[in-house]
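Accompanying notes for the structure given below.
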Amino acid sequence: MTDHDIFAALRRRTVAALAELLPDLPADAFARVQMEPPRDPSHGDMATNAALVVGKLARQAPPKLAAALAERLAALPEVESAAPAGPGFVNLRLRESFLLAQLPVILAEGERYGDGTASAGRRINVEYVSANPTGPMHVGHCRGAVVGDALANLLAKAGWAVTKEYYINDAGAQVQALAMAAYWRYLQALLDTREGQDFAASGPAPLRDFAASARDREAFERTHGIALQYGGDYLVPVGQALHARFGFGLVPESGGEPAPATLTAIRDFTVERMMESIREDLAALGVTGQHFVSEAQLVREGKLEQAEKVLSYKGLIYRGVLEPPKGKTPEDWEPREQTLFRATQFGDEVDRPLRKSDGSGTYFANDIANHLHKLERGFAELVHVWGADHGGYVKRMQAAVAALSSGTVPLDVVLTQIVRVMKDGEPVRMSKRAGTFVTLRDLLEMVAEKVANPGEARDAVRFTMLTRKSDAQMEFDLDKVVEQSRENPVFYVQYAYARCMSVLRGAEALLGAKATNDTFPAVAAGLAASPLESLADPAELALIRRLTTWPRTVEAAAIAREPHRIAFFLHDLAGDFHVLWNKGRDDATLRFIRADEPEATRARLALVAATGTVIRSGLAVMGVTPVEEMR
RNA sequence: GUCUCCGUAGCUCAGCAGGAUAGAGCACCAGAUUCCUAAUCUGGGGGCCGUGGGUUCGAAUCCCGCCGGGGACACCA
């Protein structure tokens, strides 16, 4: 429904009026016409740049055109007055009745208010998190998860048909290294058993020494001639699980390394366990409903070869030797003939290799396969949320998607910057589990220690992660996220909603129902027919004006792929509501519930319910639960 | 060296796909608060939007060059 967006509605009327004034102009001449709230409220409720934008094409002086346009707009039923201003703006003042009429619209539509149709239901694939299944998720993943999830929700609200996706990097060297580390932990688990100890004491010599080396990391690495990449404790339970599942069955018969098939079994088992743990972490964050795509499976299905074929058919693949990167040549650089993709034809700096010297695909090649897979499923737009350290990867991926789709499918990449977790003014670095970084679980637990329940911690984390533009670095202050004060936007917004609920609870007799989160939609809908004429205070009208900007906020944020705007909008909205609440403290006639004025009370309840509706709607996008009561 | 993101009030950050006098919170200053909806409220000071050009009726916003900071830069993912 775009007609609940009164800015869009009046923009259409403006364009129509303009088209009548200037019948010779082509329709696309009005593309840049905007209708927006003016910065300065004294300019009115809305302003349009229409005369400025088309003045040149129409060979008319903007101020003159603005005057003519204003005359027409003033005649509209929604408009109280219209006046040309400045270099060619037209300022509109809306009829109060028209503004007030938006409240029943909001109340009737409920949380659907703000839903968009501009995207016409285009299918969009939003891939996020995609943490390697080699360890626990850390705070960086956490931010990506929250941003991605909120962005997906936002796009869905704005009218896209959204698929949330998680790409599992379960092929390649890193999961091989993971398998070795899990194998090491498995041997350790064996040694912790009676049988294992007996074996280590009296088994066949080479095998015994080999197994016993697992007690010590360095000895294990020496014996196997490898360096363990994943030494974190989180694999200890995996080792135990491997033992429980396979008993002694994974120990190679003659010492030596485990057979490839054994290692594969270990790898699959371990990846599965890691993914389970990641899913648990995501669920704790409230991130669910993702579609999981396995890199290994794409490789097995030959998606890589298919992708190569497509590109090859388009003449975009060749054998060649790359120049060393300028300014910083790796020490072991040597000229090497490789299978290359002509990424430079699509705006990348250099052509990119698709095959390693052993013939297997590079990560990039597999990722191309992943994107072919997406395109085959019919997505019209693709979005990724990546950590900023992958910024250098954006161009080549966009080049690949442009090549595969012949430029018909855009790929947008949202980069999220580093999160520094702060506690008592100091950065928190260490993790009990992973040794080097703060895990997502650590973060949730640290926040949960300070609040009543895990849900509250999840909400605080999600909201806070969205209080910065995603490509700006962020400090996550553990002391502030749970602080109950105006300084904390999470609290500030939640408190506004709680106050809305508090008012509605206080009006139970009048509403004939008790207001709770569950009954809220019915209560709000029931207020849609309230008489509203008594709403006239500037603070009340300011709040209504804010509410009417919700649809355009959703649309703009979705197009810009910037979910943080929802958090800022809610903060502003909460601010308007708190102002009104505070006025009621000074002036009893502005209190929401007035025993002597049932009509005025119903009108204010309608306003309160509309405010609550939009807050709920915004929180839903962010994946945050509204709190109906605060104590 | 190349690419990329960033540079806005003392601090932390917004700035709505170029728009009219650049905003918020904190901090600072000055008031209010026996009653009322105080996990406070009202008001105020404070910025050549890093810098130099360009495009435009109009630039914090778009383009180019500098300065300063983060990140990434052949078979790793």
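Just so it is clear, the model here is predicted, and its values are computed rather than measured.
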- prompt: Which whole number of Å gives the distance between the C1' atom of B/G10 and that of B/G65?
  reply: 31 Å

field: Euclidean distance for P, B/C41 against B/G54 (whole angstrom)
entry: 47 Å

Using a 4.0 Å heavy-atom cut-off, does [X] contact any base of the nucleic acid, only the sugar-phosphate backbone, or nothing at all?
{"X": "A/Glu323", "result": "nothing"}
{"X": "A/Ala557", "result": "nothing"}
{"X": "A/Glu475", "result": "nothing"}
{"X": "A/Ala560", "result": "nothing"}
{"X": "A/His564", "result": "sugar-phosphate"}
{"X": "A/Ile418", "result": "nothing"}
{"X": "A/Arg552", "result": "base"}
{"X": "A/Asp477", "result": "nothing"}
{"X": "A/Tyr393", "result": "base"}
{"X": "A/Leu322", "result": "sugar-phosphate"}
{"X": "A/Pro87", "result": "base"}

Pair partner, [N] [Watson-Crick or wobble, under 3.5 Å]:
{"N": "B/C16", "result": "none"}
{"N": "B/G25", "result": "B/C11"}
{"N": "B/C73", "result": "B/G1"}
{"N": "B/C49", "result": "none"}
{"N": "B/A30", "result": "B/U42"}
{"N": "B/U37", "result": "none"}
{"N": "B/A59", "result": "none"}

[atom1] of [X] to [atom2] of [Y]: how many Å apart, nearest 0.5 Å?
{"X": "A/Arg143", "Y": "A/His138", "atom1": "CZ", "atom2": "NE2", "answer": "13.0 Å"}
{"X": "A/Tyr230", "Y": "A/Thr134", "atom1": "OH", "atom2": "OG1", "answer": "4.0 Å"}
{"X": "A/Ile559", "Y": "A/Leu155", "atom1": "CD1", "atom2": "CG", "answer": "10.0 Å"}

How many whole angstroms separate atom [atom1] of [X] from atom [atom2] of [N]?
{"X": "A/Glu295", "N": "B/A77", "atom1": "CD", "atom2": "P", "answer": "8 Å"}
{"X": "A/Leu354", "N": "B/A77", "atom1": "CG", "atom2": "P", "answer": "13 Å"}
{"X": "A/Phe569", "N": "B/A24", "atom1": "CZ", "atom2": "C1'", "answer": "16 Å"}
{"X": "A/Glu487", "N": "B/A27", "atom1": "CD", "atom2": "P", "answer": "6 Å"}
{"X": "A/Glu483", "N": "B/C26", "atom1": "CD", "atom2": "P", "answer": "11 Å"}
{"X": "A/Gln473", "N": "B/A72", "atom1": "CD", "atom2": "C1'", "answer": "14 Å"}
{"X": "A/Ile168", "N": "B/A77", "atom1": "CD1", "atom2": "C1'", "answer": "15 Å"}
{"X": "A/Gln417", "N": "B/U4", "atom1": "CD", "atom2": "P", "answer": "16 Å"}

Measure from the side-chain heavy atoms of [X] and tell me the nearest of [options].
{"X": "A/Lys356", "options": "B/A77, B/A20, B/A74", "value": "B/A77"}
{"X": "A/Gln174", "options": "B/C76, B/U4, B/G70", "value": "B/C76"}
{"X": "A/Ala556", "options": "B/A17, B/G71, B/U2", "value": "B/A17"}
{"X": "A/Arg468", "options": "B/U12, B/A20, B/C5", "value": "B/U12"}

query: Quick one: does NZ or CZ of A/Arg552 land under 6.0 Å from the six-membered ring centre of A/Phe7, within 45 degrees of the ring axis?
result: yes

message: Given the ring of A/Tyr318, does A/Arg342 sit roughly above its face, with NZ or CZ under 6.0 Å from the centre of the six-membered ring and within 45° of the axis?
response: yes

Is the ring centre of [X] less than 6.0 Å from the ring centre of [Y]?
{"X": "A/Phe568", "Y": "A/Phe463", "answer": "no"}
{"X": "A/Phe89", "Y": "A/His43", "answer": "no"}
{"X": "A/His384", "Y": "A/His371", "answer": "yes"}

query: Would A/His571 count as stacked on B/A24 if the rule is ring centres under 5.5 Å and plane angle under 30°?
result: no

field: Pi stacking test for A/Phe89 and B/G19: under 5.5 Å apart, planes under 30°
entry: no

Any protein N or O atoms within reach of nucleotides 34-38 of chain B? Criterion: under 3.5 Å, listing atom names and distances.
unit_1	atom_1	unit_2	atom_2	d
B/C36	O3'	A/Arg591	NH1	2.6
B/C36	O2'	A/Arg591	NH1	2.6
B/C36	O2	A/Arg585	O	2.4
B/U37	OP1	A/Arg591	NH1	3.3
B/U37	OP1	A/Arg591	NH2	2.7
B/U37	O2	A/Trp581	NE1	2.1
B/U37	O4	A/Phe592	N	2.5
B/A38	O4'	A/Arg585	NH1	3.0

field: Beyond-backbone contact of A/Val321 with A/Gln338, side-chain heavy atoms, under 4.5 angstrom
entry: no

message: Using a strict heavy-atom distance below 4.0 Å, which residues from residues 61-69 of chain A are in contact with RNA chain B?
response: none

message: Testing the 3.5 Å rule here: is there a donor-acceptor pair between the side chains of A/Arg11 and A/Gln34?
response: no

Of A/Arg32 and A/Val53, the one whose closest RNA chain B nucleotide lies more 5': A/Val53

message: With a 4.0 Å cutoff (strictly under), does any side-chain N or O of A/Lys395 reach OP1 or OP2 of B/U4?
response: yes

message: Tell me if a side-chain donor or acceptor on A/Asp351 pairs with a main-chain N or O of A/Ala343 at a distance below 3.5 Å.
response: yes

message: In terms of relative ring orientation, are A/Trp386 and A/His390 parallel, tilted or perpendicular, with 30° and 60° separating the classes?
response: tilted

